[in-house]
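Take a look at the structure set out below.
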Amino acid sequence: MYDNTLDLKQTFKKGERLKRRKLIKRMFNREGESVAAYPLRIIWLEVELDSNYPAQFALSVPKRAFPKAAHRNVIRRRLREAYRLNKHNLYEFVEKQEKQYAIMVLYTAKEALTFQQIEAKMKVLFKKFVKRNQ
RNA sequence: AUUACAAACUAGUCUAUCGCGUUUCGGUUUUACCGGAAUGAGGAAAGUCCGAACAACGCAGAGCAAGCACACCACCUAACGGGUGGGGUUCUUUGGAAACAAAGAAUACAGCAAGUGUCGCAGAAAAUUACCGCCCCGAGCGUAGCGAGGGGUAAGGGUGAAAACGUGCGGUAAGAGCGCACGCUACCUCAUGGUAACAUGAAGUAGGGAUAAACCUUGUGGGUUGAAAUGCCACGUAUACCGAUGGGACCGGUUUUCCGGUCAGGGGGCUGCUCGUCCUUGUCGGGGGGUAGGCAGAUAGAGCCUGUCAGCGAUGGCAGGUCGAGAUAAAUGAUAGACAUCGCGCAAGCGAUACAGAAUUCGGCUUAUCGGUUUGUAAAAAAU
RNA sequence: GGUCCCGUAGUUCAAUUGGAUAGAAUACCAGAUUCCGGUUCUGGAGGUUACAGGUUCGAACCCUGUCGGGAUCA
C-alpha cells in the first residue's frame, strides 16, 4: 500500500496536508488525543484517509497571539519546515503499525521562536507521540 | 557641504542545501509520483472611508413618499465625497500710526433677510424689551416742594460670548437714522474686467443678534444587495414532531365527515405605500434532518514602460514596445554564509536593515513605515 | 470577503437629547466602633469622558478622521 521510498524524501505535497474541515472538527470536539511540548501541542486522530500517505498534517497559529498576518506567516512557515524535515521519524513508525493519522500542531507561545528552537521541540513532540501510540 | 519641512522615486544584493503554488515539456510501477524549464506579494496588498466595473433581484415594471448623500466657481476623470487651477473668508508672520500690502497656512464656503425651535447663570431686557434713569401732563397735599396716576423715550447705567449700525453735528420737552456729513454692512440695478465664482465703481433701498456639524427650505444625484453575489455539476435529505389559529362561495363525486376543480382570501417575490404582475396553496411560529466537495465567476486591464505633442496644472492625444501571481485552511519559503548601507568603537568586533503578506478587479482617500536618492523652500555659517 | 454596533473612576452603570465642580454602587486609603478581625458609620482619593481635529459663547452629548473591542452573514 505504501511507497517505501517516500520516507526518505523531505517533500511536503498536497496529499500530505489536512484539508477536510470535518476531520478537524472531529479532532477538536471529542475523538482527538493530544500531547504538549511547550510551545507546541499535537492533536491526532486515527482515521482512514483518502490519500496514500501515512499521515495528513495541518497547523495553527492563533490570531490572539499574533494579530499581524505577516508574523503568523513567519511562524507557520517555520513550523511547516520543522515538520517537513523531521516527518520521516513519524512515517517510519506509522508505516510499521499500518495505520493512518490526521495530525494537527498548535503553536501556543506568545513570542516568535527561532527555527532551531522550534525544530528541537518538534523532535520532542514526535517522541512523545510515538510513546503514546506503542 | 549642514539642519528643518514638503513632494516624487526606491523598499538591500549574491551563493549553497532542502522545499512550495501555477503553467508547460518529458517519463513511469498510469492518476499519483519522478525529472526538466518558465514564473510567483505591496506601496501601502492594511483600514473598508468613498467611487466604479461586474453579478443577482423580471430588460430593478409604473407612480408617489420617506430616507440618504452632496453644496463658492471652472476644469480633469469611466466615476467620485478624489484631483488641479482660481475666487471669497479666517488665522499667522513681516512692514506700517492706521487703512492696507506681501508671504504662508486653513477652509463641510447654499439659505437664519422663508417658517419653527433654542440661547443656562448673570442682566431691566436674549429679540419688537423698559429696572434705574431722563422728559411731559398731573388728581391731591398745601407752597423753593412732595407727588397717586397717565404718557413719551431708548442718549446714560452695571451684566454677558452676544445688547438693537459707528463717530460727529444738528434737532428735541427729553430723546431717537428723526435729519445731515463721513464711514460700515446687506439687498437690488447699471457699468467695466473675468468663461464663472467674484472684484472695482456709481445710483437707489434698508439697518434684519447668534445657531442650519438645531428642525428645516432650496438645488443636484441616487432602486436594493453584494463574490460567503451568482450559474452549473456531484453527494445527500424528511418538513418527522410540537403549539396557536382558520377552513368563505359555487360546481362535481359523495352526501355526516371527506375528496377534486374554479373563484375569493392568505402568504411570498431584497426599503415603505398605491397600482400592475408573477409564484405559492391551509396559515403563522417553534423545532428537526442533509450537504458544506468540484468547475465557472477569476485575472489582457479605465493595464504597464519609453518618447513626443497640447495644457499654468490635474490630465489627455499620438507613436513604439511589453504581458508582470492566481492560491482555496490558502503557494510565493526555511536554514547557513558572504557582501552592501547606517550607528558605536583606535581596532578586532558588536548592533541595526522598517511597515508589513494578495483572496473578484480597478480609481482615490486615510493610516503604518528603518533608511537611501532627487527636486524645491527656509535658516545659519563660509567663500566670491 | 462583506455588513453592523460599542468605547465614561480599577470594575458595573448614570448624566433631563448642548448649560458648567461628570454622579452612584462596589473595590481602594484613613479615622471611629471592637481585646483583634469582619460588619456598620464618617471622611478622602481616584477621570485629558479611547485619541486627534472641527462646529458652537459653551461638547461626555453634534460632525469628521484615527485607534481599540465586539457581534453577525454561505
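Chain letters run A, B, ... following the sequence lines, proteins first and then strands; every chain starts at 1.
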Would you give me the side-chain donor-acceptor pairs under 3.5 Å for residues 69-77 of chain A, sequence neighbours excluded?
| unit_1 | atom_1 | unit_2 | atom_2 | d |
| --- | --- | --- | --- | --- |
| A:R72 | NH1 | A:F66 | O | 2.8 |
| A:R72 | NH1 | A:P67 | O | 3.4 |
| A:N73 | OD1 | A:R76 | NH1 | 3.0 |
| A:N73 | OD1 | A:R76 | NH2 | 2.8 |

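B:U84 is paired with B:A74 under the Watson-Crick or G-U wobble criterion, all donor-acceptor distances under 3.5 Å. Across all strands shown, nothing is found opposite B:A45 as a Watson-Crick or G-U wobble partner with both distances under 3.5 Å. Across all strands shown, B:C132 is found opposite B:G156 as a Watson-Crick or G-U wobble partner, with both distances under 3.5 Å. Within the shown strands, B:U15 is the pairing partner of B:A336 under the Watson-Crick or G-U definition, both distances less than 3.5 Å. Pair check for B:A368 finds none; no Watson-Crick or G-U wobble contact set falls under 3.5 Å. When Watson-Crick and G-U wobble pairs are counted only if both distances are under 3.5 Å, B:U322 pairs with B:G303. For B:U262, the paired base is B:A249 (Watson-Crick or G-U wobble, both distances below 3.5 Å). In this structure, B:C178 forms a base pair with B:G170, meeting either the Watson-Crick or the G-U wobble geometry with both donor-acceptor distances under 3.5 Å.
When the side chains of ILVMFWY residues are joined at heavy-atom separations under 4.5 Å, either directly or via intervening members, A:Y83 and A:V130 end up in a single hydrophobic cluster.
Applying the side-chain hydrogen bond (donor to acceptor under 3.5 Å, both in side chains) test to A:Q97 and every residue at least two apart in sequence or in another chain returns A:Y101. By the side-chain hydrogen bond (donor to acceptor under 3.5 Å, both in side chains) test, A:E81 is found to be paired with A:R84, residues two or more places apart in sequence or in another chain being considered. When the side-chain hydrogen bond (donor to acceptor under 3.5 Å, both in side chains) test is applied to A:S34, the partners found at least two apart in sequence or on another chain are A:R41.
Glycosidic torsion of B:G177 falls within 90° of 0, placing the base in syn. An anti base is found at C:G70: its glycosidic angle is more than 90° from 0. In this structure, B:A41 is classed as syn because its glycosidic torsion stays within 90° of zero. Glycosidic conformation of B:G372: anti, with the torsion beyond 90° of 0. Classified by its glycosidic torsion, B:G47 falls in the anti category, the angle being over 90° from 0.
When the P atom of B:A329 is taken as reference, atom CG of A:L79 falls 18 Å away, rounded to whole Å.
Atom C1' of B:U262 sits at a distance of 14 Å from the matching atom of B:U281, rounded to the whole Å. Atom name C1', nucleotides B:G311 and B:U77: the rounded distance is 16 Å, in whole Å. Separation of the C1' atoms belonging to B:U211 and B:A108 is 16 Å when rounded to the nearest angstrom. On the P atoms, B:G86 is 44 Å away from B:U116, given to the nearest whole Å. Nucleotides B:A352 and B:G40, compared at atom C1', are 30 Å apart to the nearest Å. B:C263 and B:U237 are spaced 37 Å apart, taking the C1' atom of each and rounding to whole Å. One C1' atom belongs to B:C121, the other to C:A52, and the distance between them is 32 Å to the nearest Å. Nucleotides B:G326 and B:A358 have their C1' atoms positioned 9 Å apart, rounded to a whole Å.
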* Asked: Which is it for A:I43 and A:V105 under the side-chain contact (heavy atoms from CB on, under 4.5 Å) test, yes or no, and what are the steps along the way?
  -> CA-CA 6 Å; A:I43 302 177; A:V105 171; over 6 Å; no
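Look at A:R78 and you'll find a side-chain N or O under 4.0 angstrom from OP1 or OP2 of B:U335. Side-chain nitrogen and oxygen atoms of A:K68 include none within less than 4.0 Å of the OP1 or OP2 phosphate oxygen of B:G357. Contact between the side-chain N/O atoms of A:R80 and the OP1/OP2 oxygens of B:A330 is not found at any separation under 4.0 Å. OP1 or OP2 of B:C34 has at least one side-chain nitrogen or oxygen of A:K13 nearer than 4.0 Å. Contact check, A:R17 against B:A331: no side-chain N or O comes under 4.0 Å of OP1 or OP2. Taking only side-chain nitrogens and oxygens, A:R77 comes nearer than 4.0 Å to OP1 or OP2 of B:U332. The phosphate of B:C33 (OP1 or OP2) has a side-chain N or O of A:Y53 nearer than 4.0 angstrom.
Between the A:E119 side chain and the A:Q116 main chain, no donor and acceptor come within less than 3.5 Å of each other. In this structure, the side chain of A:K87 does not engage the main chain of A:A55 through any donor-acceptor pair within 3.5 Å. A donor-acceptor pair under 3.5 Å is absent between the side-chain atoms of A:S60 and the main chain of A:L106, judged by distance alone.
A donor N or O paired with an acceptor N or O is not found under 3.5 Å between the base of B:C20 and the side-chain atoms of A:R84.
When all heavy atoms of A:R78 and A:I118 are compared, the pair lying nearest together is CB-CD1, 4.0 Å. Heavy-atom minimum distance, A:L90 versus A:I103: CD2-CD1, 3.5 Å.
Ring geometry for A:F93 against A:F129 counts as perpendicular: the plane angle is over 60°, on a 0 to 90° scale with 30° as the lower cut.
Looking at residues 112-125 of chain A, you'll see A:F115, A:Q116 sit with a heavy atom under 4.0 Å from some atom of RNA chain B.
Nearer to the 5' terminus of RNA chain B, by closest-nucleotide assignment, is the contact made by A:E16 (compared with the other of A:A58 and A:E16). Heavy-atom nearest nucleotides on RNA chain B were determined for A:A69 and for A:E81, and the one closer to the 5' end corresponds to A:E81.
Paired runs in RNA chain C that reach 3 or more consecutive Watson-Crick or G-U pairs, where each pair keeps both distances under 3.5 Å, cover C:1-7 with C:67-73, C:10-13 with C:23-26, C:28-32 with C:40-44, C:50-54 with C:62-66.
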